[in-house]
Amino acid sequence: MARLPILRFPDPRLHTVAQPVAQVDARIQQLAKDMLETMYAAEGVGLAATQVNVHERVIVMDTSEGRDEPRVLINPELTWTSDAMTDEEEGCLSVPQTYDKVRRHARVKVAALNERGERYEFEAEGLLAVCVQHEMDHLMGKVFVEYLSPLKRERIKTKMLKKTREEQAHGARGRL
């Protein structure tokens, strides 16, 4: 397995719409393993392939307390969303150390393929529902800061660009 570099907002590649996976093969299985390793190393709960500059519909996540229940979602789709909404604080591995409230569906039903190419479905609420919707946004080329006001988004963009410049100036790789 290998850790993959995570794109950082405002990298324009984060706005690329991911294409469906045509076949779940060894390449996709390795991608999922590498994404899980990357997500765990970065202490995240979810990661979309778009964030590691692979523009295919693959998501990994683990919202369990013990960090021992990894999920792989290939070609995920929401098959149902609740009318009830929730405002939860979100963060993102592509926007490090930035958190804000985002309005999402409180419950969702998801259909996807697993790492063996088998179709499965599940219902999600709480953190899992938020995570699914957040990562699916990435597959559509949307970063959570786009839900925020233009002023907040611009401040975050400025902060991220400054951090990148400082890291480059100091020759630091930074924590991705």
Side-chain angles (χ1 to χ4, degrees), residues 1-9 11-86 88 90-96 102 104-147 175-176:
M1 295 198 304
R3 290 188 191 165
L4 305 169
I6 298 173
L7 300 178
R8 188 182 291 172
F9 178 80
D11 191 310
R13 295 172 291 181
L14 288 169
H15 299 294
T16 305
V17 175
Q19 298 303 305
V21 171
Q23 181 181 351
V24 179
D25 55 16
R27 180 183 66 83
I28 294 296
Q29 292 167 340
Q30 187 62 51
L31 172 64
K33 287 177 187 172
D34 292 345
M35 287 173 61
L36 281 165
E37 180 179 340
T38 302
M39 178 193 75
Y40 286 128
E43 299 180 11
V45 295
L47 185 67
T50 302
Q51 293 175 270
V52 294
N53 201 29
V54 176
H55 303 288
E56 293 180 85
R57 294 184 59 79
V58 178
I59 293 171
V60 297
M61 58 181 63
D62 186 345
T63 58
S64 68
E65 285 288 321
R67 311 283 291 138
D68 56 358
E69 296 176 27
R71 289 179 189 256
V72 175
L73 288 75
I74 299 167
N75 295 336
E77 54 187 287
L78 295 179
T79 59
W80 174 83
T81 57
S82 67
D83 290 335
M85 303 296 282
T86 183
E88 300 295 331
E90 295 185 25
C92 181
L93 295 176
S94 292
V95 194
V102 176
R104 304 262 188 206
H105 295 281
R107 293 179 44 230
V108 296
K109 286 185 184 175
V110 184
L113 301 177
N114 65 18
E115 63 275 15
R116 294 176 301 282
E118 302 161 341
R119 183 177 166 85
Y120 72 109
E121 297 182 45
F122 63 95
E123 245 184 85
E125 60 184 344
L127 178 58
L128 182 58
V130 169
C131 188
V132 166
Q133 293 171 84
H134 176 109
E135 300 308 333
M136 287 183 71
D137 275 353
H138 278 299
L139 298 180
M140 297 306 298
K142 189 170 187 173
V143 181
F144 91 99
V145 296
E146 293 174 52
Y147 287 99
R175 185 171 161 234
L176 300 176

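- Scored by the ring-ring contact (aromatic ring centres under 6.0 Å, His included) test, F144 finds H134 as partners (sequence neighbours excluded).
- The side-chain heavy atoms of V110 and V108, taken from C-beta on, include a pair separated by under 4.5 Å.
- In terms of heavy atoms, A106 sits closest to A129 at O-CB, 3.7 Å.
- The side chain to side chain donor-acceptor pair (under 3.5 Å) search around T50 returns none, not counting sequence neighbours.
- Considering CD1 of I6 and CG of N53, their distance stands at 12.0 Å, rounded to 0.5 Å.
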Mind running side chain to side chain contact (heavy atoms under 4.5 Å, CB included) on V21 and V58 for me, showing each step along the way? CA-CA 8 Å; V21 171; V58 178; 3.7 Å; yes
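- Taken to the nearest 0.5 Å, the CZ atom of R71 stands 9.5 Å off from the OG atom of S64.
- Listed by first then second residue, pairs satisfying salt bridge (Lys or Arg N to Asp or Glu O under 4.0 Å) with a partner in residues 61-70 number zero, not counting sequence neighbours.
- Between the side chain of E125 and the backbone N or O of R107, no donor-acceptor pair lies under 3.5 Å.
- M39 is not listed as a side-chain neighbour of V45, based on a closest heavy-atom distance of 4.5 Å or more.
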Pair K142, Y147 - check side chain to side chain contact (heavy atoms under 4.5 Å, CB included), show working. CA-CA 9 Å; K142 189 170 187 173; Y147 287 99; 3.6 Å; yes
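- Every pair passing salt bridge (Lys or Arg N to Asp or Glu O under 4.0 Å) that includes a residue from residues 132-141 is listed here, sequence neighbours excluded: R104-D137.
- No side-chain heavy atom of L93 sits under 4.5 Å from any side-chain heavy atom of T38.
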Given V17 and L139, is the side chain to side chain contact (heavy atoms under 4.5 Å, CB included) satisfied, shown in steps? CA-CA 6 Å; V17 175; L139 298 180; over 6 Å; no
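- Listed for the Q30 side chain is no donor-acceptor partner under 3.5 Å among the backbone atoms of R27.
- Considering CE of M35 and CE of M61, their distance stands at 9.5 Å, rounded to 0.5 Å.
- Between E88 and V102, every side-chain heavy-atom pair lies at or beyond the 4.5 Å cut-off.
- At a threshold of 4.5 Å between non-hydrogen side-chain atoms, the residues V60 and Y40 do not count as touching.
- Side-chain atoms of D25 come within 3.5 Å of backbone atoms of I28 as a donor-acceptor pair (strictly under, hydrogens ignored).
- No donor-acceptor pair closer than 3.5 Å links the side chain of Q51 to the backbone N or O of L47.
- For the residue pair A41 and R3, the shortest heavy atom distance occurs at CB-NE, 3.3 Å.
- Applying the side-chain contact (heavy atoms from CB on, under 4.5 Å) test between R8 and each of S94, C92, P96 identifies P96 as the sole match.
- Rounding to the nearest 0.5 Å gives a distance of 12.5 Å between OG1 of T16 and NE2 of H138.
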Worked verdict on M85 versus H105 for side chain to side chain contact (heavy atoms under 4.5 Å, CB included): CA-CA 4 Å; M85 303 296 282; H105 295 281; 3.5 Å; yes
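- For the side-chain hydrogen bond (donor to acceptor under 3.5 Å, both in side chains) condition, the pairs that include at least one residue of residues 109-122, sequence neighbours left out, are N114-E118, R116-E118.
- Applying the side-chain hydrogen bond (donor to acceptor under 3.5 Å, both in side chains) test to pairs two or more places apart or on separate chains, none has a residue in residues 72-85.
- Proximity of L31 to L4: side-chain heavy atoms (C-beta onward) are separated by under 4.5 Å at one or more points.
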